[in-house]
Protein chains: 2
Amino acid sequence: MHHNSPLNPQCPIGRSLERVGEWWTIHILREAFLGATRFDQFQKNLGIAPNMLTRRLNALVADGLLEKRPYSTRPLRHEYVLTAAGLDFRPVLWTIMAWGNKHFSPEGLAIQLVDSATGTPAEPQLIDRHSGRPLTWPAFRTVAGPAADARTKSRYPVWPATTPQPTSPTAGSADAADAA
Amino acid sequence: MHHNSPLNPQCPIGRSLERVGEWWTIHILREAFLGATRFDQFQKNLGIAPNMLTRRLNALVADGLLEKRPYSTRPLRHEYVLTAAGLDFRPVLWTIMAWGNKHFSPEGLAIQLVDSATGTPAEPQLIDRHSGRPLTWPAFRTVAGPAADARTKSRYPVWPATTPQPTSPTAGSADAADAA
DNA sequence: CAGTATCCTGTCCGATACTG
DNA sequence: CAGTATCGGACAGGATACTG
């Protein structure tokens with residue numbers, strides 16, 4: 001992608017989407033987590049055109065989410081394996097999955113998370129690692145961090161917030177930056 | 001999107017991406033969480049072309065993630081507010097943010113999650129709501145659920161897995177479906 | 001099997017102009 | 001202010017053929 005636009009270049013969501021925002025990318029990562037490593041496996045499982053697969057695979061390698069390494073010389077063949085950064089994407093995938101299961105699976109769950117040992121269904125929940133509390137809004141919110149530039153600071157509240165008490169979730173305040 | 005392809009139609013990740021997979025969509029949702037409700041706010045904050053914004057907004061409304069409701073008649077004006085399904089997307093956004101912060105913010109954090117009351121930085125972690133255990137692989141895995149069709153069952157293990165002990169994370173087994 | 005090369009179509013998207 | 005209408009370009013993406 002090549003957006004010169006007003007999009008905040010510091011936004012970590014924006015930076016993530018630059019890597020995985022393309023249509024096929026997350027599907028490819030999902031296949032990688034499912035065990036696919038070879039060109040042919042990705043292609044068959046996704047039904048993606050080979051030129052597209054090449055493009056996306058190379059982009060993922062360039063972005064450091066996949067590592068391309070030879071598993072055979074003569075002829076030279078590569079496999080694509082998740083890097084540490086790529087493996088760290090798993091929680092994102094699982095959170096998306098939970099969201100889809102909750103809202104877009106009216107006929108029941110086709111795919112679900114379970115405890116590998118017991119088979120007990122698991123239900124993903126986000127917590128704060130330090131306090132152990134559920135990571136919910138408005139108990140937690142996004143604010144400008146230490147590396148924020150002027151533009152970011154103008155769009156995100158700097159803690160402590162000037163308006164301490166969070167507004168109600170449904171109260172649509174016209175000015176932004178107080179609801180996240 | 002209109003992919004007739006082999007993509008598993010039951011996959012909850014696929015179903016989610018059908019709703020939020022387009023380039024602008026997640027950016028728009030982020031702005032909505034930041035407090036934007038009006039056409040003009042989205043446009044200014046994102047630098048998106050108006051026709052595109054209209055398209056994406058309508059798609060989000062059609063998919064039930066935003067609700068379009070009049071805030072003025074004469075002239076008729078609408079605001080776009082997150083529905084329950086839309087609000088449930090917040091954990092996804094925060095998980096993506098955490099991933100971006102960890103891997104793509106070498107200069108330090110520009111935007112971060114904090115405790116609204118104390119300002120203490122929060123660190124998102126995924127756990128299983130029922131057991132309270134960290135939701136990590138291979139302790140947890142994705143398997144075919146009760147509503148899985150034949151195709152899904154063939155691609156995802158049905159618990160209990162035929163190969164009970166999970167393979168090591170780095171051991172790239174050629175056949176898929178045992179690593180997620 | 002693991003891609004590369006070509007060609008083609010659709011549409012995403014931006015720019016601009018226009019309207020109540 | 002909140003969009004709609006139209007135009008054009010870039011490119012994502014599919015289909016196919018080809019290669020070691």
Side-chain angles (χ1 to χ4, degrees), chain A residues 1-7 14 17-28 31-32 36-63 66-81 172 174-176, chain B residues 1-7 14 17-28 31-32 36-63 66-81 172 174-176:
Chain A
M1 280 297 150
H2 44 89
H3 292 273
N4 42 351
S5 22
L7 275 174
L17 292 179
E18 279 170 31
R19 275 83 178 187
V20 302
E22 301 285 331
W23 177 256
W24 280 112
T25 312
I26 293 184
H27 292 279
I28 290 173
E31 291 305 313
T37 59
R38 313 259 270 251
F39 193 92
D40 150 81
Q41 296 172 332
F42 289 104
Q43 196 186 355
K44 190 170 330 186
N45 295 340
L46 294 171
I48 185 180
N51 52 354
M52 273 300 113
L53 181 55
T54 298
R55 257 194 249 177
R56 296 274 76 88
L57 245 22
N58 288 341
L60 283 166
V61 169
D63 285 334
L66 290 180
E67 187 194 350
K68 180 181 190 168
R69 61 182 182 207
Y71 67 90
S72 126
T73 39
R74 192 150 320 270
L76 185 54
R77 293 284 177 266
H78 300 95
E79 60 181 355
Y80 301 87
V81 298
D175 59 303
Chain B
M1 278 295 150
H2 43 91
H3 291 274
N4 43 351
S5 20
L7 274 175
L17 293 178
E18 279 169 32
R19 275 86 179 185
V20 301
E22 301 284 329
W23 177 255
W24 280 113
T25 311
I26 293 183
H27 293 278
I28 291 173
E31 291 305 313
T37 61
R38 312 259 270 250
F39 193 92
D40 149 83
Q41 296 172 333
F42 289 106
Q43 196 185 357
K44 190 171 328 184
N45 295 342
L46 294 171
I48 184 177
N51 52 352
M52 272 300 112
L53 181 54
T54 298
R55 256 197 248 181
R56 294 276 77 87
L57 244 23
N58 288 341
L60 284 166
V61 169
D63 285 334
L66 290 181
E67 187 195 349
K68 179 181 191 169
R69 60 183 183 207
Y71 68 89
S72 126
T73 39
R74 195 152 313 274
L76 185 54
R77 292 286 176 264
H78 301 95
E79 60 181 357
Y80 301 87
V81 300
D175 60 302

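Treat the numbers as computed from the prediction; the structure is a model and nothing was measured. Quick note: numbers below take in every heavy atom, side chains included, and nothing from hydrogens, waters or symmetry partners. Letters go in sequence order (proteins before strands), and every chain restarts at 1.
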Quick one: side-chain contact (heavy atoms from CB on, under 4.5 Å) partners of A:Ser72, sequence neighbours excluded?
A:Pro75, A:Arg77
Smallest separation among heavy atoms of [X] and [Y], with atom names:
| X | Y | result |
| --- | --- | --- |
| A:Glu18 | B:Trp23 | CA-CH2, 4.1 Å |
| A:Leu7 | B:His27 | CD2-ND1, 3.5 Å |
| A:Gln41 | A:Ala36 | OE1-CA, 3.3 Å |
| A:Lys68 | A:Asn58 | NZ-OD1, 4.0 Å |
| A:Ile28 | A:Arg56 | CD1-CB, 3.4 Å |

Base-paired stretches in DNA chain C with three or more consecutive Watson-Crick or G-U pairs, both distances under 3.5 Å, amount to C:2-19 with D:2-19
Nearest-Å distance, [atom1] ([X]) to [atom2] ([N])?
| X | N | atom1 | atom2 | result |
| --- | --- | --- | --- | --- |
| B:Ile48 | C:dC13 | CD1 | P | 7 Å |
| A:Gln43 | C:dC1 | CD | C1' | 11 Å |
| A:Asn58 | D:dA12 | CG | P | 13 Å |
| B:Leu17 | D:dG13 | CG | P | 12 Å |
| A:Leu46 | D:dA12 | CG | C1' | 16 Å |
| B:Phe39 | C:dT19 | CZ | P | 17 Å |
| B:Glu22 | D:dA12 | CD | P | 13 Å |
| A:Trp23 | C:dC12 | CH2 | C1' | 13 Å |

Expected output is a numbered-order residue list: members of residues 50-57 of chain B with a heavy atom under 4.0 Å from any atom of DNA chain C. What is it?
B:Pro50, B:Asn51, B:Met52, B:Arg55, B:Arg56
Residue among A:Val61, A:Val81, A:Thr37 satisfying side-chain contact (heavy atoms from CB on, under 4.5 Å) with A:Leu66
A:Val61
If you check the B:Trp24 side chain, which of D:dC1, C:dG14, C:dC1 turns out closest?
C:dG14
Within the pair B:His78 and D:dA2, is there a side-chain N or O less than 4.0 Å away from OP1 or OP2?
no
With a 4.0 Å limit, can you tell me whether B:Arg38 has a side-chain N or O closer than that to the phosphate oxygens OP1/OP2 of D:dC1?
no
Cation-pi, A:Tyr71 ring and A:Arg38 (6.0 angstrom, 45 degrees):
yes
Which part of the nucleic acid does A:Tyr80 contact within heavy-atom distance under 4.0 Å: base, sugar-phosphate only, or nothing?
sugar-phosphate
If you find the nucleotide of DNA chain C closest to A:Tyr71 and the one closest to B:Arg77, which residue's nucleotide is nearer the 5' end?
A:Tyr71
Would you check if B:Thr54 and B:Phe39 make a side-chain contact, meaning some heavy-atom pair closer than 4.5 Å?
yes
